[in-house]
Amino acid sequence: MNNPLEKLKEHVGSLPRSQKLVVDYIIGHYTEVGFMTVEQLATKVGTSTTTVMRLMANVGYSGYSDFQKNLQIVLREESAPQIRLEENLRNRTHSEGWRRHYELQLDQIQRVTELNSEENLAEAVKLITNARNRYCTSVRSGLPVAQYLTHNLNRMIGQTKLTLADSSDWADDVISFSDQDVLIAVSYSRYGSRLMDYVNHAKKKGTKIITITDKLSSPLTPYSDVMITCPADSLASHNSIVSSIFVVDYLISALSVEKSESISKRLTEVDGILKDMEYHVYKKRE
């Protein structure tokens, strides 16, 4: 497969100005274009779908979908763990690793505050608060985020369940979903196909969907009633969950303020049970 971005660059000199503008936009925003419709791309550039289709023919593609399929292969390869690790290792030394890690995570938390408005987060809290049942799901690297959120929501307000999207067990739950429930899905590049199946079936039931994902171009975007964007870059090969945990921790805190009286009562009852079990370790007096 020839890299479609390289093909655009090779042909750009012979293209009319209207098509060059499309090439400029694709190269500058290729991660988003990988999941845009031809109509959305034309609108972003300020041109017609005919111009986009003529561009694709001029650079050797049978159509926009053919170009986009090849572009998505490039995106998958770029996000592969071994590719990210090789790229990151080329740009670092051992002596600067700790400082660069700190700066990267600090930057990603800053980006979270820029990408997500307080109103957007408040809407997520509202959906969680008003839901009859809450389901959290993820796969692989996003699973600790879903686990942390599930534990705290169930502890504070109950009726919250963690479902592994890689398992088929969610099929038993989703048949009972309704518009009174909420599904919170956590997923980063390279997005799990089983998780997409789960979200798709939940959406068909009218269930509200909150997504925590790393890019605006995420395939979860079309399903989202509330989408929370959390950058997941790292200095190695993995998806970092630091910014997602930061956001989830805020949601838990905001929910505590929203339902402080009922949560306080519930936590008191839970604490009483734990004391009866002698669950916690207390320092014995000498």
Side-chain angles (χ1 to χ4, degrees), residues 32 35-36 40 108-139 142-163 165 170 173-174 176-189 191 195-196 198-232 239 241-264 266:
E32 288 84 3
F35 301 96
M36 283 183 182
Q40 289 171 330
Q108 293 195 125
I109 289 174
Q110 178 61 42
R111 285 166 60 197
V112 162
T113 65
E114 295 167 356
L115 289 167
N116 302 282
S117 67
E118 194 169 345
E119 291 76 16
N120 189 55
L121 296 174
E123 181 62 22
V125 171
K126 181 180 176 182
L127 290 180
I128 293 169
T129 302
N130 294 337
R132 178 188 62 181
N133 298 297
R134 302 154 198 86
Y135 296 87
C136 300
T137 190
S138 189
V139 295
L143 195 54
V145 180
Q147 289 172 323
Y148 181 63
L149 181 58
T150 302
H151 167 72
N152 281 281
L153 292 184
N154 201 46
R155 183 168 168 261
M156 294 191 303
I157 54 180
Q159 295 299 108
T160 306
K161 180 179 179 180
L162 175 69
T163 312
W170 56 260
D173 293 321
V174 79
S176 301
F177 280 12
S178 74
D179 58 3
Q180 297 180 60
D181 301 318
V182 64
L183 174 65
I184 305 166
V186 183
S187 187
Y188 313 111
S189 179
Y191 314 93
L195 185 139
M196 295 303 303
Y198 188 4
V199 170
N200 181 43
H201 282 283
K203 193 69 175 179
K204 288 177 181 178
K205 289 286 189 175
T207 302
K208 299 296 185 294
I209 309 292
I210 299 172
T211 57
I212 299 174
T213 189
D214 56 341
K215 295 182 178 68
L216 294 171
S217 59
S218 166
L220 286 170
T221 302
Y223 299 95
S224 306
D225 291 287
V226 174
M227 178 175 162
I228 302 173
T229 309
C230 299
N239 287 313
I241 64 171
V242 172
S243 69
S244 296
I245 289 291
F246 172 76
V247 168
V248 164
D249 203 62
Y250 170 77
L251 294 177
I252 294 166
S253 298
L255 186 64
S256 297
V257 174
E258 185 75 17
K259 294 178 68 68
S260 58
E261 187 174 338
S262 60
I263 289 175
S264 177
R266 182 179 174 86

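Quantities reported herein were computed from a predicted structural model and do not represent experimental measurements.
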Check: Picking from Thr160, Ile210, Leu149, Asn154, what satisfies side-chain contact (heavy atoms from CB on, under 4.5 Å) with Arg134?
Finding: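 Looking at Thr160, Ile210, Leu149, Asn154, the match for Arg134 under the side-chain contact (heavy atoms from CB on, under 4.5 Å) is Thr160.
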Note to self: Tell me which one of Leu162, Ile209, Leu153 satisfies side-chain contact (heavy atoms from CB on, under 4.5 Å) with Ile184.
What the structure shows: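 When side-chain contact (heavy atoms from CB on, under 4.5 Å) is applied between Ile184 and each of Leu162, Ile209, Leu153, only Leu153 qualifies.
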Next item on the list: Quickly, which of Ser244, Ser218, Ser138 forms a side-chain hydrogen bond (donor to acceptor under 3.5 Å, both in side chains) with Tyr188? Name it, please.
Entry: Ser244
Check: Does some side-chain heavy atom of Asn152 sit less than 4.5 Å from a side-chain heavy atom of Val248?
Finding: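 Of all side-chain heavy-atom pairs linking Asn152 with Val248, none is under 4.5 Å.
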Item checked: Side-chain touch Met196/Leu220, heavy atoms, less than 4.5 angstrom ->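 The answer is yes; the side chains approach within 4.5 Å.
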Notebook entry, point to check: So Val174 and Thr163, side chain to side chain contact (heavy atoms under 4.5 Å, CB included) or not? Walk me through it.
Noted result: CA-CA 10 Å; Val174 79; Thr163 312; over 6 Å; no
Nearest non-hydrogen partners of [X] and [Y], listed with the distance:
{"X": "Ser187", "Y": "Leu195", "value": "CB-CD2, 4.0 Å"}
{"X": "Leu127", "Y": "Lys208", "value": "CD2-CG, 4.0 Å"}
{"X": "Arg155", "Y": "Arg266", "value": "O-NE, 3.0 Å"}
{"X": "Ala165", "Y": "Trp170", "value": "O-NE1, 3.2 Å"}
{"X": "Ser243", "Y": "Pro231", "value": "OG-O, 2.7 Å"}

Side-chain donor-acceptor distances from residues 250-259 under 3.5 Å, at least two apart:
from	atom 1	to	atom 2	distance (Å)
Ser253	OG	Asp249	O	3.0
Ser256	OG	Ile252	O	3.0

Note to self: Quiz question: by atom type and distance under 3.5 Å, do the side chains of Tyr135 and Thr207 form a donor-acceptor pair?
What the structure shows: no
Taking [X] for its side chain and [Y] for its backbone only, find out whether a donor-acceptor pair lies under 3.5 Å.
{"X": "Lys203", "Y": "Tyr223", "result": "yes"}
{"X": "Thr211", "Y": "Ala185", "result": "no"}
{"X": "Asn116", "Y": "Leu121", "result": "no"}
{"X": "Ser264", "Y": "Ser260", "result": "no"}

Margin query: Once side chain to side chain contact (heavy atoms under 4.5 Å, CB included) is applied, do any residues pair with Ser117, and if so which ones, sequence neighbours excluded?
Written below: Glu119, Asn120
Checklist line | Glu114 atom CD, over 12 foreign heavy atoms within 6.0 Å | finding: yes
Note to self: Can you confirm whether more than 12 heavy atoms, excluding those of Lys126, are under 6.0 Å from its NZ atom?
What the structure shows: no
Notebook entry, point to check: Distance from Glu123 atom CD to Ile128 atom CD1, nearest 0.5 Å?
Noted result: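 Result: 10.5 Å between the selected atoms.
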Checklist line | Value rounded to 0.5 Å, distance of NZ in Lys161 from SG in Cys136 | finding: 12.0 Å
Next item on the list: Just say parallel, tilted or perpendicular for the rings of Phe35 and Tyr191, cut-offs at 30° and 60°.
Entry: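 The arrangement is perpendicular - the two ring planes meet at more than 60°.
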Note to self: Which residues pass the side chain to side chain donor-acceptor pair (under 3.5 Å) test with Asp181, not counting sequence neighbours?
What the structure shows: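 Expected list: Arg132, Asn133.
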